[in-house]
Amino acid sequence: MLRVPSKEAVDALLEGLNEPQREAVTAGAGPLLILAGAGSGKTRVLTHRIAYLLRTGQARADEILAITFTNKAAQEMRERVELLVGRATRAMWVMTFHSACARMLRAEAHRLGYTRQFTIYDSADSRRLIKRCIDDLDIDPKRFTPRAMQAQISDAKNKLRSAEDYRKLVGSFFEQTVADVYESYERELHRANAMDFDDLLFRAVNVLELFQEVRDRYATAFRWVLVDEYQDTNHAQYRWLQLLSGEHRNLAVVGDDAQSIYGFRGADITNILEFEDDFPDATVIKLEQNYRSTQMILSAANALISNNRGQTVKHLWTDLGEGDTIKVRELADEHAEARYVAAEIERLVDEGVSRSELAVFYRTNSMSRVLEDMLVRAQIGYQVIGGTKFYERAEVKDAVAYLIFLLNPSDGGAFTRIANSPKRGIGQTSLSRVLAHAETMGISPWEAAAGADEVPTLGTAARRALERFMATMERLRERVESGAPVGDILEDVLRETGYRDALEAERTIEAQGRIENLEELVRVAREYDATAGAESDTAGVAEFLQQIALLSDADQLQDDEGLVTLMTLHNAKGLEFPIVFMIGAEDGVFPHSRALDEGGLEEERRLAYVGITRAMRDLYITYARRRNSFGAESYGLRSRFIDEIPRELTDQPDRNAVGAGRPAGFGRVASWSTAAAASDEALGGGGGGGGGAGAASVFRVGDDVVHAAFGDGVVTGVEPGGIVVVNFAGEGRERKLMADYAPIRRR
DNA sequence: TATAATTCTCTTTTT
DNA sequence: GAGAATTATA
């Protein structure tokens with residue numbers, strides 16, 4: 001099968017690459033670290049390297065394992081490689097960590113006591129199970145919230161710590177409790193033949209470590225391992241890669257420590273920083289020429305990130321020209337901010353910019369709401385990435401749970417979800433009895449339900465209802481086993497279980513919406529049948545379910561739809577847009593207060609760096625003086641990140657005028673506030689109250705003050721910019737407030 | 001057993 | 001201010 005490499009074909013692959021890119025593409029065997037600055041063409045390098053390996057005959061397609069961060073990136077990578085080498089490359093493993101592990105585990109999980117039909121639990125499923133464990137253990141869910149337990153357990157798994165390992169390290173009562181929950185959770189997961197996201201990695205590593213023949217097989221097969229976004233790998237992923245590349249040592253990783261933004265999820269930035277320690281013979285290549293952004297944008301990004309310590313030194317440069325200054329705007333509140341963004345988008349579209357060239361980034365998903373309202377009103381088409389709603393809807397989860405239970409009879413969670421949905425007279429009590437029976441007899445929930453006669457204390461009505469239900473399920477299971485298309489099976493499920501009928505009987509708008517969602521799900525299934533089903537021999541319900549479970553937010557992104565794109569900064573990684581708006585640049589929002597509490601300032605800064613470097617041509621940064629976050633209003637201070645951008649790179653060069661000796665609310669000439677006022681006026685919207693005060697901000701350290709929302713406090717600091725630092729008694733912490741706008745007065 | 005009413009938490013970011 | 005979870009009522 002090896003092709004004779006044609007020199008012309010190989011040369012063509014290297015055309016148009018700069019020197020370091022070319023080095024990275026042609027580097028020979030052995031460990032390879034590519035430090036790729038933002039916009040330096042790392043995807044290009046990866047795809048060309050794969051194509052190069054194939055073209056020169058150094059690799060067969062089935063010897064390549066290429067890991068990306070999202071399914072969408074994987075698909076794109078495959079397409080681009082195929083374009084370069086001019087043929088299909090189905091044998092190549094190009095996928096996310098989680099997909100690759102799931103695929104491996106389908107084949108090997110029986111060694112760990114799972115069947116190949118194991119269910120993948122998303123975080124909501126996992127949290128539900130943890131909640132149940134907490135209840136079963138009689139632990140107070142107020143003191144030990146499922147959320148906190150889940151975070152601890154996830155953290156442990158990412159570090160490859162089993163429940164027993166965790167228990168050995170317990171150092172407090174809290175951790176003691178976590179250990180109990182962790183143990184019980186693991187037992188329940190295993191009993192349900194289910195794995196959570198972290199298990200996919202953890203168990204994959206287990207299999208490779210425990211079974212030499214498995215390790216040998218995969219490590220020999222994958223002669224070349226390539227990893228994108230290496231800075232975001234956690235310890236489990238790191239270990240998995242070590243095991244897989246142990247044989248040939250052809251591990252090529254691409255990443256940028258300045259863009260490491262998943263520390264909160266266990267990503268370990270030292271993986272990339274210490275790559276050279278792991279592989280002293282590694283070839284290291286830096287890609288520093290940026291092909292995306294103007295110099296103005298790059299300089300801002302460079303200046304910002306230089307406030308972080310311990311980054312590897314990179315000098316991003318571009319020859320795309322200077323570009324326009326960064327537009328910074330202060331607005332009265334989040335509505336004014338949204339209005340400003342919408343109006344600016346309208347203006348740009350009028351000028352001939354396509355909506356698909358525009359993106360708005362924010363720190364938290366909830367911030368899209370106000371913006372969406374405004375865009376709808378302005379009739380600007382948009383798409384929101386993330387906050388994945390569709391697969392979280394009850395009706396969609398129900399339909400999926402039916403499919404899961406048909407495949408995995410051990411999944412008590414799925415059974416619980418569907419048994420009485422639609423209502424068929426199997427209530428909470430009967431359900432518990434069936435599940436308890438299953439547990440004591442050591443049989444699956446399916447078996448217990450199917451043999452309802454054997455379940456003691458079950459009422460006659462419940463017994464009959466269960467029999468009918470399980471007869472239907474048996475029929476459907478035969479359909480699944482016959483290998484019918486997923487779309488057909490799903491239709492059968494919705495019809496024969498009476499799910500659709502029950503919704504139709506409701507005759508409400510909401511029910512109609514749910515029916516439409518289910519139709520959408522059927523469409524997705526049919527599409528799966530038509531594409532993945534046609535080309536893969538493993539197609540079927542199991543694969544379909546896996547695909548759904550491992551779908552990431554970023555995967556829903558559509559290109560060239562004539563839509564403005566809205567997403568969180570996290571989802572923006574790896575993307576680029578000619579014009580970018582970053583909104584909500586206020587201390588507390590971004591950097592997020594929770595992150596600050598946990599010492600995550602540097603990661604927040606990297607997040608800002610990611611956001612800024614997505615912009616190709618124009619960058620807008622906005623912040624609001626007042627924001628309604630969570631019932632109450634809060635008064636923010638513009639983000640320190642804005643101040644870390646040299647002011648000559650912005651269109652507000654005189655911002656130091658703010659506060660610095662500003663006479664009581666006047667003399668705001670050339671201050672940030674002027675820009676705010678101007679933009680509010682330009683938009684014809686009053687922008688609400690906010691500014692009114694104007695009273696001299698004559699607070700002094702030691703003053704006793706009272707705040708409308710936070711209550712009594714004492715001034716502990718006065719900062720330039722009309723800022724007062726107040727320690728509020730009720731909260732036991734300090735807040736920074738803008739004296740001119742915050743509703744505080746001296747007591 | 002099912003629904004309605006009411007209380008309570010929650011907002012970081014996500015595979 | 002919304003969604004889930006809990007409690008009260010039919």
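Below, chains carry the letters A, B, ... as their sequence lines are ordered, and counting in each starts from 1. Treat the numbers as computed from the prediction; the structure is a model and nothing was measured.
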List the residues meeting side chain to side chain donor-acceptor pair (under 3.5 Å) with [X], not counting sequence neighbours, and say none if there are none.
X	value
T43(A)	none
R500(A)	E491(A)
R78(A)	none

What are the atom names and distances for every N/O pair under 3.5 Å that joins the protein to nucleotides 2-6 of chain C?
none

Check your understanding: Any idea how Y620(A) and F581(A) line up, ring-wise: parallel (<30°), tilted (30 to 60°), or perpendicular (>60°)?
Key ->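 Judged by the thresholds at 30° and 60°, the geometry between Y620(A) and F581(A) is parallel.
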By the 4.0 Å heavy-atom rule, please label [X] as base, sugar-phosphate, or nothing.
X	answer
E598(A)	base
D198(A)	nothing
F97(A)	nothing
T568(A)	sugar-phosphate

Practice item. Using the P atoms only, state how far dT13(B) lies from dA4(C), rounded to an integer number of Å. Key: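 Straight-line distance between the two P atoms is 16 Å.
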How many whole angstroms separate atom [atom1] of [X] from atom [atom2] of [N]?
X	N	atom1	atom2	value
N234(A)	dT15(B)	CG	P	14 Å
L569(A)	dT14(B)	CG	P	10 Å
E603(A)	dT14(B)	CD	C1'	12 Å
R265(A)	dT14(B)	CZ	P	9 Å
I385(A)	dT13(B)	CD1	P	15 Å
L551(A)	dT14(B)	CG	C1'	13 Å
L200(A)	dT15(B)	CG	C1'	9 Å
D196(A)	dT15(B)	CG	C1'	11 Å

Review point. If you check every side-chain atom of R594(A), which of dC10(B), dT15(B), dT12(B) has the closest atom?
Key: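 The answer is dT12(B), which lies nearest to the side chain.
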Point to revise | N365(A) side chain, from C-beta outward: closest of dT12(B), dT13(B), dT15(B) | key: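 The listed nucleotide nearest to N365(A)'s side chain is dT13(B).
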Practice item. Tell me whether F264(A) is stacked on the nucleobase of dT13(B), counting only the six-membered base ring and applying the 5.5 Å and 30° thresholds. Key: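 Stacked: ring centres under 5.5 Å, planes under 30°.
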Check your understanding: Would H592(A) pass as stacked on dT12(B), i.e. its ring centre under 5.5 Å from the base's six-membered ring centre and planes under 30° apart?
Key ->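 Stacked: ring centres under 5.5 Å, planes under 30°.
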Exercise for review: Ignoring backbone atoms, test whether S123(A) places a side-chain nitrogen or oxygen under 4.0 Å from the OP1 or OP2 oxygen of dT15(B).
Suggested key: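 No.
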Check your understanding: For N571(A) and dT14(B), is the shortest distance between a side-chain N/O and OP1 or OP2 below 4.0 Å?
Key ->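 It does, given that an N or O in the side chain of N571(A) lies less than 4.0 Å from OP1 or OP2 of dT14(B).
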Review point. Which residue pairs pass the ring-ring contact (aromatic ring centres under 6.0 Å, His included) test when at least one of the two sits in residues 118-152 of chain A, sequence neighbours left out?
Key: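 Applying ring-ring contact (aromatic ring centres under 6.0 Å, His included) to every pair that reaches into residues 118-152 of chain A, excluding sequence neighbours, yields F144(A)-F173(A), F144(A)-F174(A).
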Point to revise | R463(A) CZ: over 12 foreign heavy atoms closer than 6.0 Å | key: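 Atom CZ in R463(A) is packed in, count exceeds 12.
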**Study point:** Partner residues of Y166(A) under the ring-ring contact (aromatic ring centres under 6.0 Å, His included) criterion, sequence neighbours left out
**Key:**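 Y166(A) satisfies ring-ring contact (aromatic ring centres under 6.0 Å, His included) with no other residue.
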Review point. Who are the ring-ring contact (aromatic ring centres under 6.0 Å, His included) partners of F544(A), not counting sequence neighbours?
Key: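 Testing F544(A) for ring-ring contact (aromatic ring centres under 6.0 Å, His included), a comparison that skips the adjacent residues, returns Y528(A).
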Sub-3.5 Å pairs of nitrogen or oxygen atoms, protein against nucleotides 1-3 of chain B:
unit_1, atom_1, unit_2, atom_2, d
dT1(B), OP1, S430(A), OG, 3.1
dT1(B), OP2, T429(A), OG1, 2.5
dA2(B), OP1, N420(A), ND2, 3.3
dA2(B), OP2, N420(A), ND2, 3.4

**Study point:** E604(A) vs F69(A), nearer the 5' end of DNA chain B by closest nucleotide
**Key:**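 The residue mapped nearer the 5' terminus is E604(A).
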Review point. For DNA chain B, whose closest nucleotide is more 5', that of T145(A) or that of T364(A)?
Key: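 Residue closer to the 5' terminus by nearest nucleotide: T145(A).
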Review point. Do you know which of E602(A), R606(A), E644(A) makes side-chain contact (heavy atoms from CB on, under 4.5 Å) with I305(A)?
Key: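 When E602(A), R606(A), E644(A) are each tested with I305(A), the side-chain contact (heavy atoms from CB on, under 4.5 Å) holds only for R606(A).
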Practice item. Answer with yes or no after comparing the ring centroid distance for F197(A) and F97(A) against a 6.0 Å cut-off, counting only values under it. Key: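 No: the rings miss the under 6.0 Å criterion.
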Check your understanding: Tell me the salt bridge (Lys or Arg N to Asp or Glu O under 4.0 Å) pairs involving residues 413-433 of chain A, sequence neighbours left out?
Key ->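 Found D398(A)-R417(A).
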